Structures are given as C-alpha cells and as structure tokens.
Amino acid sequence: MRASQLFAPTLKETPAEAEVISHQLLLRAGFIRKAAAGIYTFLPLGWRVLKKIENIVREEMDRAGAQELVLPILQPAEVWQESGRWELYGEEMFRLKDRHGRSFCLGPTHEEIITALVRNEVNSYKQLPLLLYQIQNKYRDERRPRFGLLRGREFIMKDLYSFDRDEAGLEESYWKMYTAYSNVFRRCGLKFRAVEADTGAIGGNFSHEFMVLADTGEARVVFCPSCDYAANVEIAQSVPQPLHTPDEQLPLKKVSTPGKRTVEEVCAYLGVVPQRLIKTLLYEADGQLVAALVRGDRELNEIKLQNALGCQKLKLAEPEQIRKIFGVSVGYVGPVGLEGIPIYADLEIPYLVNAVAGANADDYHWVNVNPGRDFLPANVVDLREVRVGEPCPRCGHPLEGCRGIEVGQIFKLGTKYSEALRATYVDEKGKERPIVMGCYGIGISRTMAAAVEQHHDEKGIIWPVSIAPYQVVVIPVSVKDPLLREEAERLYKELEAEGVEAVLDDRDERAGVKFVEADLIGYPLRLTLGNRTLSQGTVDWKWRKNQEEEAVPREGLGRRVKEAIQKSLEELNAPGT
RNA sequence: CGGGAUGUAGCUCAGCUUGGGAGAGCACCUGCUUUGGGAGCAGGGGGUCGCAGGUUCAAAUCCUGUCAUCCCGACCA
C-alpha cells in the first residue's frame, strides 16, 4: 500500500470526546471514527486489524474442531419468549417491529437462535458433540456506552456454542476452548490471564474470563503467584481470618452511642477496633428483605450475596423503608433480635467473640455480642470482598492483584437453554435427553482496543506484529530526490514479492511528518532510506517497540525483513511463552 | 435512570459575564522556499454559533424547551 493512497486520516490533536488512551489513539491514528455514541466506523487500518484478530480466532476455533456459520442479527421475539429472556433482558435489547407488527430484536447474543436451530437439526447422540461459532456484530443498548471500542452498542464478537451429550462431554469442550482462547490471546501478542468468574445473567455454573492485563482495565483480579489460582474479585475467595481474641464470652450489654452511625464513629466512641464490629446491611432481594453481616473492617461483595440468595435483583434497602419496618435508622441496625428476615453472615462472623453491633434502636449498640448465643446466623456463607495480601484459598500464599480488560469469557451452561427450548437428543439406549451446552465469547473489537491499551507509548500505538495493520513501513526521507524515490520503490516491491505487508510512504511530506505518523499508527518495523544511508549501501532499521535504530545492508533486505517478521510471528505462535 | 459538564469551521478552542464586527491555531487549496522527527512566507476557500421557541430595534451572547456528546454513579455475558 502506498501512503499517498491510504485512507488513514490522522489527527494532530486529541478529540475532546475521547478519554481513554485506546479511544484517543485509534481516532488520532485514523483507525476508527464515531458514527454515534458507542457506534463506530472502522476505517481501512482498523478493519485490517480486526481481520487479523478474526483470522487468528478463526484458526484456533477451527483447530479445536469448531465449524463457522452465520446466524441472523435480526431475530424473532418467539425464541426469546420461549427462553424467558424477552422479558429478562430488559432495556438493553434493541427491539423493533416489522410492517405487520411482529416483534424482533437485534441480537445481543445468540443462545436462543442457535439452540432453536440445533433442536431441529440434531436428534441423535451420533451427531454430538458439536461446536458451532460465528463472528459478527452484536447489539446491546448500553445505558452508558463509553471508553470508545471498549464498551460499544454495536460491536464485533466471536461467539461459539458447544453441544454435548453429557457433563463429561461439556467438560471436554470447555477445556478445549480454554486452551483455544489462551492460544488466541497469546498469538495476538497480549499479556493476559484467565480468571475464575461470575456467570451473571447468562446463567450456568462455571466460567472463566480472559483478561488483558492493563492498569486502565475496569475489572479487578486477584491471583496467587505460588499456585494457579486467579479470580475476578467479583467471586474471588480467600481464607477467612479469625481474630486472635480468646476472650471469654461476656454478658450482652446495651450501650448508648448517641449520633454514632458509621463503623469509624462507633469504634472511636467505644474504643474498639473495626474488626470487632458486626456490620449489618439490609438488602432488598427480589422484593424481600434480607440482612447481610460482615465484619466492620470488611466490604460486602454484592455479587456473592446475590449468588448466595439466588435472586434476580438485589439492592440496598432504602433508609426510609428500614425506618418504617424496624423503626430504626440505618446506622443502628443489628442482628440481635432482628426478627422476621433471613440473616446471611460472612464466614468470619461466627469467629467473633464479644462483638459490637447495632441494637435496632436509635443511638444504642450492643456490646459483647456473641454469634450463636445472641443471634443465630441461619446462613453462613462467603460474602466479603477479597483484598490483596490475604491468603490464597488453595495454597495460603498471599494473593496479588491487578487490573484487566475482559476480552473473552467461557461458560458452562448445562441444560438451561436446551431445556427451555426443548433441544434434546436420543441416546444409545433410545432415551431422550437434553443437550448439554456451553457458550464462549471473544470481543473482537474490544480485543483491538485492549491491545492498544496494553501496547502504546507517548508517541502512539505499538502493534504486536501479528495484529498490526501492516508489518513494515518504508520511508524515503524525500521523494523529490529521484535516487531515493527509486530505491524506496525497489525495496517496497521487493518486500511485496516476499509477501511482507508493507506501506511505502511515497507522500511529498517532510521526514518528520512521516516519522511521527509512523509512530502514531504503530507499524512494528520501520525502514528509512536517506542520502547518508544510500551512499553507504545501507537502510536504517528500527522496531517500533525499541529505541535503537541500526544500519543494515541494503543487499538482500527483502528476504531479511521477511525472516524477521516470520520469526516474531513464530515466537507468538509458540505455546508456553 | 440520578449527578456533573459541554455543544461556535474537519480538529483543538477563544468570544458569552456586560447583547450590535463571527474569530484564532491546526487542517484544506494556490504559489515560492524547505525536506532525517508534525517547516517558513504570501494569498485563498470554508461556519443556518446543535435545534426550536421567546425577550429585544438588535441574540453565539439573556430566558424556556429540546436534542446530542462526554465524565461520575447506578447498570452490564
């Protein structure tokens, strides 16, 4: 490609609307343009990157035995009504009607439509297992699209669905995908980590997320440097840490704590450490009130609570509501004598001796509260948010933390959708069984943005060679000089003949402009031809990711570049790097 | 959906407080010079000031409404 022909409009200044670095750089370097909030046009450079990522994904899915197909974006309401998600999905689904008034949606995901397909076409155990996938647009009417490509309303996704005879088959498909996903992100040149994850609204009971590690990531992850434990903090666990308080149980006593509502205020007033407090939070779970207890120095993890309750909607109860029902302000609620609602206590609560808790009366707390004696926590479950430094639940080594961008997630679905949509097969014994399913997604456009978040510097993008829009840029410092121009032209043709993806910057621009744009766009390798080097029979060779530039012989350069690109691609291809 | 902010040329923004000429830099076009890190000089084109009402002799500027965009939160495979 000649830079003079390339449609890659660059911007000198950062558009005001872009906050995150990937958004800024992709706009500035001419990879994308915004059409509406969360909706983007992919310009030629951006589209080339997407296709590179797609092809890596495609190769790895095919290698895992999957088959590519294309499902409709425009989907009839019926299948969604069958699964019950027409109602559940809510506002996030783009809905529309045809001229006859029939309801449709733009597919936010494709479990329904593919399950409906498979139930008609798969009848026998002989047809299983089956792995089917597609790469296409998804539509979700996000309440707040943001961060450029990282959270759009229209985005490109690879979604794969596995269909197995039984749990054992699903297990095999799941780990096949785990391996395939690891291969994909490694080959894309990304530092990533697979972490245990919440299954959320999609259902199912087992899941991993693939996180591209970046400080700007929204997701927080904890991992163990000693064993292989790694999890999203949404579900991460650690060993409960009992207090070393071998005190004898003292008699329960009500004390006045006027105006002291928060943990800090109560601790300061009573002269106790926050670890000795029982924090009581009242939640409304699908309309029903529940109490959740964690230690005063801990944070409650709402996802854990929601999973423990098995509810759809969970929110903190309103202070007015609490006052109406219990006649007490939020700061003075406590588990002792709290009648009529279920109590969920964190694993650390039963270890407490002579704790402090709200007395369910304004301006009073109980001291010497002893779980088991003074109240019965009916449900003791893991509720607290894990913190870095706590012991790994597997091996006890202190956990470390990092941030990540979720680029993929794999789920064991089980029979949730096959039962709802009656997708069954007949086994060897002639018995009808529900197909056991899994689903597996990769955000293709998000991966592109995540790559930029992870690989950039103050000058611009630094594409990993495997997903760069072009591998090499050839820069003649002046095209007015016929010798330079011809030599650059020759080198460009040589590279093309070797199958190297090259851009020749044949524009009549100053060298500085070409360098700055090359750095911004992020070509992995830059070859510069100037008068100095020309007379010496060399070319200046510089990797985008390195600082140093070196003069290399012009002779045989095409082949040398080919080999160097090949070598870096192979390094990414090799497992275990 | 709650809170905050912003809409003026392709991009970044000034002008608005205190109403009267639509501006700057970059980008674009022409010419000359320049050519190893976003050049210089000269000339030129380009904007219903988001949109709709209102106040006024007069509105980018004041008022009301509305739409869009961004940020925080809530939400979120």
Side-chain angles (χ1 to χ4, degrees), chain A residues 9-20 23-24 27-30 33-39 85 88-93 107-111 138 140-148 150-153 155 157-161 197-204 206-210 218-219 232 234 302-303 306 312-316 406-413 416-417 438-443 446 459-460 475-481 484-485 505 507-521 526-534 539-540 542 549 551:
Chain A
T10 59
L11 304 170
K12 275 192 185 176
E13 291 178 274
T14 303
E17 70 194 27
E19 191 73 13
V20 300
H23 192 195
Q24 293 178 352
L27 282 169
R28 282 192 56 209
R33 285 293 182 265
K34 185 178 71 175
I39 301 174
R85 288 210 291 181
L88 274 180
Y89 224 99
E91 298 276 280
E92 207 175 305
M93 188 187 264
T109 174
H110 284 71
E111 281 85 12
K138 293 277 182 288
R140 291 182 197 172
D141 194 359
E142 294 280 349
R143 287 184 186 189
R144 183 147 94 84
R146 54 180 145 179
F147 307 144
L150 288 171
R151 185 173 296 278
R153 293 193 290 176
F155 56 98
M157 187 173 217
K158 185 279 316 183
D159 47 324
L160 186 147
Y161 305 88
D198 184 46
T199 53
I202 198 146
F206 196 71
S207 177
H208 282 87
E209 287 169 338
F210 286 76
E218 280 192 281
N232 191 316
E234 290 177 354
E302 291 192 357
I303 290 172
Q306 182 162 9
Q312 294 286 348
K313 282 242 168 266
L314 182 73
K315 59 168 190 165
L316 267 173
E406 184 203 330
V407 287
Q409 186 163 16
I410 59 179
F411 295 87
K412 286 187 187 174
L413 290 175
K416 174 174 170 166
Y417 293 94
C439 74
Y440 316 83
I442 292 178
R446 182 183 275 188
K459 292 177 185 167
I475 298 184
V477 294
S478 168
V479 293
K480 288 268 169 64
D481 182 335
L484 267 184
R485 193 176 63 224
D505 199 339
R507 297 172 303 165
D508 183 16
E509 290 284 358
R510 298 165 63 83
V513 173
K514 298 183 183 183
F515 291 145
V516 167
E517 283 199 10
D519 287 345
L520 179 61
I521 290 170
R526 186 179 86 191
L527 301 172
T528 307
L529 289 81
N531 288 311
R532 292 185 222 147
T533 57
L534 198 58
V539 167
D540 285 330
K542 181 178 178 302
E549 188 163 43

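Each chain gets a letter, A, B and so on, in the order its sequence line appears, and its residues count up from 1. The shown structure was predicted, so the numbers you read here are calculated from the model rather than taken from an experiment.
As a whole-Å value, the separation of Glu509(A) CD from G40(B) P is 13 Å. Arg507(A) has its CZ atom 15 Å from the P atom of G36(B), to the nearest Å. Whole-Å rounding puts the Asp505(A) CG to U35(B) P distance at 18 Å. Rounded to whole angstrom, the span from the CG atom of Asp508(A) across to the C1' atom of U33(B) amounts to 13 Å.
The side chain of Lys480(A) lies closest to U34(B), out of C11(B), U34(B), G38(B). Taking every side-chain heavy atom of Arg532(A) into account, G36(B) is the closest of G37(B), G36(B), C76(B). Nearest nucleotide to the side chain of Glu13(A), out of G36(B), U12(B), G38(B): U12(B).
Pair assignment for A5(B) gives U69(B), based on Watson-Crick or G-U wobble hydrogen-bonding distances that are each under 3.5 Å. Pairing partner, U35(B): none, since no Watson-Crick or wobble contact has both distances short of 3.5 Å. Summarising the base pairing, G23(B) is matched to C13(B) through a Watson-Crick or G-U wobble pair whose two defining distances lie under 3.5 Å.
Annotation: Glu91(A), atom CD; neighbour count of heavy atoms from other residues, nucleotides and ligands within 6.0 Å does not exceed 12.
The 5' end of RNA chain B is approached more closely, in terms of each residue's nearest nucleotide, by Thr528(A) than by the other of Pro108(A) and Thr528(A).
Between Arg146(A) and Glu19(A) no salt bridge is recorded (no basic side-chain N to carboxylate O distance below 4.0 Å).
Leu520(A) comes within 4.0 angstrom of a nucleotide base, judged by non-hydrogen atoms across all strands.
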Produce a footprint string for nucleotides 67-75 of chain B: one letter per nucleotide, 5' end first; B if the base is under 4.0 Å from any protein heavy atom, S if only the sugar-phosphate is, - if neither.
--SSBBBBB
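Remark: the backbone N or O of Pro476(A) is not paired with any side-chain donor or acceptor of Arg485(A) at under 3.5 angstrom.
Residues that satisfy the salt bridge (charged side-chain N to carboxylate O under 4.0 Å, His left out) test with Glu142(A), not counting sequence neighbours, are Arg151(A).
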